[in-house]
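In what follows, a structure is listed as C-alpha cells, so that the remarks can point back to it.
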Amino acid sequence: MKFENIDWADSNIDKIEIEYDCAKLLIFNDTLQKNVCVSCTGFVGLTNLCMWDDQIIDGATVHQIQDDDDTPFIKTVFSAYDKDFNYGERWLNKGVLELRIRLINGIAFSIYCQKIDVEYV
C-alpha cells in the first residue's frame with residue numbers, strides 16, 4: 001500500500017520504534033479499521049514529536065525533499081553529511097522523503113527517510 005493513498009484522519013498512533021536505519025509507526029487506521037505498520041527505511045531523523053496527551057492523527061502528507069529545501073533540520077543534515085558519500089550503502093543523493101504527521105493537538109512532526117512502506121499487521 002502507498003502511504004499517500006490512505007486516509008489517516010482519526011487514526012491512532014500506538015507505538016513508534018526507532019532503530020539505526022528504520023522508524024516504524026504502529027497505527028490503528030480508522031478508515032481501514034485495521035492495524036498497520038508504517039516502515040520508514042533509510043531513516044535520516046525525526047523532528048518535533050509532541051504526543052503528551054494526543055496520539056490521534058489529524059492529517060498526514062509525504063513529499064520529496066528538494067536540494068534547495070531550507071528547513072533547519074535539512075540544512076543541518078546536508079551540512080553534516082556529504083550527499084554523495086557512501087554511508088554503509090546509504091547515499092543521501094538517492095533522495096529524502098518527509099513524512100509529516102499532524103496530530104489533533106495541532107502539532108506536526110516529521111520523519112525523514114528514503115522509503116516508506118505500509119503493511120497490515
Any side-chain heavy-atom pair of [X] and [Y] under 4.5 Å:
| X | Y | result |
| --- | --- | --- |
| I111 | L25 | yes |
| V77 | Y112 | no |
| L99 | F3 | yes |
| D69 | F78 | no |
| L26 | N35 | no |
| K34 | F28 | no |
| M51 | I16 | yes |
| F73 | V44 | yes |

Residue pairs involving residues 47-59 (criterion salt bridge (charged side-chain N to carboxylate O under 4.0 Å, His left out); sequence neighbours excluded):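 As it turns out, the salt bridge (charged side-chain N to carboxylate O under 4.0 Å, His left out) pairs with a partner in residues 47-59, which skip direct neighbours, are D58-R102.
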Side chain to side chain contact (heavy atoms under 4.5 Å, CB included) evaluation trace for I6 with V36: CA-CA 11 Å; I6 300 170; V36 297; over 6 Å; no
Looking at [atom1] of [X] and [atom2] of [Y], how far apart are the two atoms once the value is rounded to the nearest 0.5 Å?
| X | Y | atom1 | atom2 | result |
| --- | --- | --- | --- | --- |
| Q55 | S11 | CD | OG | 11.0 Å |
| T71 | Q66 | OG1 | CD | 11.5 Å |
| L46 | C113 | CG | SG | 10.5 Å |
| T41 | K24 | OG1 | NZ | 10.0 Å |
| I74 | S110 | CD1 | OG | 9.0 Å |
| C40 | D21 | SG | CG | 11.0 Å |

Shortest non-hydrogen separation from Q33 to D30 and the atoms involved: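 Scanning both residues, the minimum pair turns out to be NE2-O, 2.6 Å.
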I13/L103 under side chain to side chain contact (heavy atoms under 4.5 Å, CB included): CA gap, chis, key distance, verdict: CA-CA 10 Å; I13 299 174; L103 300 175; 4.0 Å; yes
I'd like to know if the side chain of [X] and the backbone of [Y] have a donor-acceptor N/O pair within less than 3.5 Å.
| X | Y | result |
| --- | --- | --- |
| Q64 | V96 | yes |
| N93 | D84 | no |
| N29 | D7 | yes |
| Q114 | G95 | yes |

Pair listing, ring pair (Phe, Tyr, Trp, His ring centres under 6.0 Å) test, anchored in residues 34-61, at least two apart: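 Residue pairs with at least one partner in residues 34-61: there are none.
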Pairs meeting criterion ring pair (Phe, Tyr, Trp, His ring centres under 6.0 Å) with involvement of residues 84-110, two or more places apart: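 Pairs touching residues 84-110 that pass the test: Y81-Y87, F85-Y87.
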Single-linkage hydrophobic cluster, 4.5 Å side-chain cutoff, V38 and I104 together: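 Hydrophobic grouping puts V38 apart from I104.
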Co-membership, hydrophobic cluster, residues W8 and L32, 4.5 Å side-chain: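 Cluster IDs for W8 and L32 match.
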Worked verdict on D70 versus K75 for side chain to side chain contact (heavy atoms under 4.5 Å, CB included): CA-CA 6 Å; D70 67 348; K75 283 176 138 179; 4.0 Å; yes
Of V121, D14, N12, I57, the residue whose pairing with I27 passes side-chain contact (heavy atoms from CB on, under 4.5 Å):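 The single option meeting the side-chain contact (heavy atoms from CB on, under 4.5 Å) with I27 is I57.
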